[in-house]
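These figures come from a predicted structure and were not determined experimentally. Both counts, for ligands and for their atoms, begin at 1 and track the order of listing.
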Amino acid sequence: MQVVVVESEADVAICCANLIVDEVLAKPNAVLGLATGSSPVSTYKQLVQLNQQAEVSFKETKTFNLDEYIGISSSDRHSYRSFMDGNLFNEIDINPNNTFLPDGMADDLQAEAIKYESLIAAAGGVDLQLLGLGSNGHIGFNEPSSSLNSRTRVTTLSDDTLTANSRFFTPDENQPSLALTMGIGTILEAKKVVLIATGSHKAEAVKGMVEGPLSAFNPASALQQHNATVVIIDKVAASLLQHCDYYQRVNHQIVKLAANS
Ligand code: F6R
């Protein structure tokens with residue numbers, strides 16, 4: 001796991017967007033795994049800007065989102081489809097037919113989960129998976145106790161997640177308590193993973209993910225088993241890490257090796 005600590009939330013977005021752009025420049029038909037929530041919003045703004053400045057094109061890129069709520073239609077303003085259309089897809093040159101999210105309104109949700117896995121496999125697998133981090137350590141909607149080998153499936157949102165996401169719903173709106181999510185096993189099959197986290201409310205989860213034991217009660221710790229994960233965090237989210245100096249030395253070495261190759 002490569003841990004990159006930067007000054008601010010804005011720097012996290014720039015660093016993350018640059019990694020995604022590098023991936024797409026190297027492989028224009030790259031398959032990107034994408035996330036919703038507050039964390040990637042600034043990264044998506046960067047991608048929109050770079051696309052509009054013709055620095056990168058997403059015409060051949062395919063995307064698969066991590067998750068979608070069950071029981072709300074894709075046109076609902078709370079759906080993750082609406083989030084992605086509004087924050088990214090409608091603003092860049094991607095072909096909408098190449099953007100995939102699980103269908104949370106499918107009659108047969110189990111069949112939908114299997115179909116989603118098949119679509120990812122048929123696309124050749126995910127080249128770069130972007131992740132946020134729940135303050136309870138979840139990735140996608142793989143809540144604490146999820147199997148580290150789990151696949152795309154229906155998941156029950158934890159109380160922590162329901163509370164955290166209630167900020168998006170008014171009291172009279174129905175907040176879904178179920179979702180379809182890629183599993184941890186699905187996520188670990190991505191060739192590269194980039195996880196971003198900012199703010200003091202993520203510090204505990206960051207510590208558990210990077211320096212804690214591998215445990216189903218800390219789903220993000222599963223990334224310790226992935227051999228191409230970059231964690232990009234701001235100083236506040238990194239505040240509980242014990243080995244920041246070492247991570248910084250590792251990063252200097254990586255940059256030096258890249259410059260010499
Ligand atoms: C979103 C997702 C979640 C979020 C996580 C962090 O598609 O899968 O794992 O990444 O809940 O959310 P924010 O960024 O809102 O703090």
Side-chain angles (χ1 to χ4, degrees), residues 9-10 12-13 16-17 20 32-46 63-70 72 74 76 78-89 99-104 113 116 120 126 128-146 148 150-169 175-188 190 193-206 208-209 218-223 229-234 236-237:
E9 194 178 337
V12 169
C16 179
I20 294 172
L32 301 177
L34 297 178
T36 57
S38 304
S39 304
V41 170
S42 306
T43 298
Y44 293 155
K45 281 202 177 108
Q46 285 289 324
T63 65
F64 288 90
N65 264 80
L66 283 166
D67 37 29
E68 179 59 282
Y69 284 127
I70 288 175
I72 55 176
S74 55
D76 188 297
H78 293 300
S79 77
Y80 285 169
R81 163 56 74 182
S82 294
F83 175 98
M84 290 308 302
D85 285 348
N87 283 284
L88 188 65
F89 300 149
T99 66
F100 299 90
L101 285 93
D103 178 3
Y116 202 61
I120 295 172
V126 171
L128 184 152
Q129 176 67 56
L130 173 62
L131 296 176
L133 176 66
S135 37
N136 65 354
H138 75 208
I139 47 174
F141 276 138
N142 295 286
E143 301 287 25
S145 82
S146 294
L148 300 182
S150 51
R151 309 299 309 184
T152 302
R153 69 197 185 290
V154 175
T155 181
T156 304
L157 303 185
S158 69
D159 289 346
D160 285 338
T161 299
L162 289 171
T163 306
N165 288 357
S166 63
R167 69 191 192 278
F168 298 114
F169 294 84
Q175 183 183 356
S177 57
L178 298 177
L180 270 168
T181 185
M182 280 188 201
I184 298 175
T186 320
I187 292 169
L188 291 178
V193 173
V194 179
L195 183 143
I196 52 174
T198 57
S200 57
H201 62 303
K202 298 290 172 77
E204 195 75 51
V206 165
M209 166 179 68
N218 186 354
S221 68
L223 296 170
T229 288
V230 182
V231 171
I232 310 170
I233 48 182
D234 66 359
V236 193

Open item on the list: Considering non-hydrogen atoms of the protein only, which is the closest contact for atom 8 (O) of ligand 1, and what is the distance?
Closed with: Asp67 OD2, 2.5 Å
- [ ] Could you tell me whether Leu66 approaches ligand 1 through its side chain, its backbone, both or neither, with non-hydrogen atoms closer than 4.0 Å?
- [x] side chain
- [ ] Distance to 0.1 Å, residue and atom name: give those for the protein heavy atom nearest to atom 10 (O) of ligand 1.
- [x] Gly132 CA, 3.3 Å
Task: Between OH on residue Tyr116 and CG on residue Asp67, distance to nearest 0.5 Å - done: 8.5 Å
Task: Arg167 contact mode with ligand 1 (heavy-atom cut-off under 4.0 Å) - done: side chain
TODO: Kindly indicate, with the supporting measurements, whether the criterion side chain to side chain contact (heavy atoms under 4.5 Å, CB included) is fulfilled by Phe89 and Arg81.
DONE: CA-CA 10 Å; Phe89 300 149; Arg81 163 56 74 182; 3.6 Å; yes
- [ ] Apply the test side chain to side chain contact (heavy atoms under 4.5 Å, CB included) to residues Ile139 and Val193: give CA-CA distance (whole Å), side-chain angles for both, the deciding distance (0.1 Å), then the verdict.
- [x] CA-CA 11 Å; Ile139 47 174; Val193 173; over 6 Å; no
Open item on the list: For the CD atom on Glu204, are there more than 12 heavy atoms of other groups (residues, nucleotides or ligands in this structure) within a distance under 6.0 Å?
Closed with: no
Task: Atom CD of Gln46: over 12 foreign heavy atoms under 6.0 Å - done: yes
TODO: Do me a favour and list the nearest non-hydrogen protein atom to atom 16 (O) of ligand 1 with residue, atom name and distance?
DONE: Lys202 NZ, 2.7 Å
- [ ] Write out the residue and atom name of the closest protein heavy atom to atom 15 (O) of ligand 1, then the distance separating them to 0.1 Å.
- [x] Ser38 N, 2.8 Å
Task: Mode of Leu133 contact toward ligand 1 - side chain, backbone, both, neither (heavy atoms, under 4.0 Å) - done: backbone
Open item on the list: Return the closest protein heavy atom for atom 14 (O) of ligand 1 as residue, atom name and distance.
Closed with: Ser39 OG, 2.5 Å
Open item on the list: I'd like to know whether the aromatic ring centres of His78 and Phe169 sit less than 6.0 Å apart in this structure.
Closed with: yes
Open item on the list: Just verifying a value: how many Å separate Ser145 OG and His138 NE2, rounded to the nearest 0.5 Å?
Closed with: 13.0 Å
- [ ] Would you mind checking which non-hydrogen protein atom is closest to atom 11 (O) of ligand 1, with the distance to 0.1 Å?
- [x] His138 NE2, 2.6 Å
Open item on the list: Leu178 vs Thr156, test: side chain to side chain contact (heavy atoms under 4.5 Å, CB included). Steps then yes/no.
Closed with: CA-CA 5 Å; Leu178 298 177; Thr156 304; 3.7 Å; yes
- [ ] For atom 1 (C) of ligand 1, find the nearest protein heavy atom and state the residue, atom name and distance (0.1 Å precision).
- [x] Thr36 OG1, 3.1 Å
Open item on the list: Please list the nearest protein heavy atom to atom 9 (O) of ligand 1 with its residue and the distance rounded to 0.1 Å.
Closed with: Gly140 O, 2.7 Å
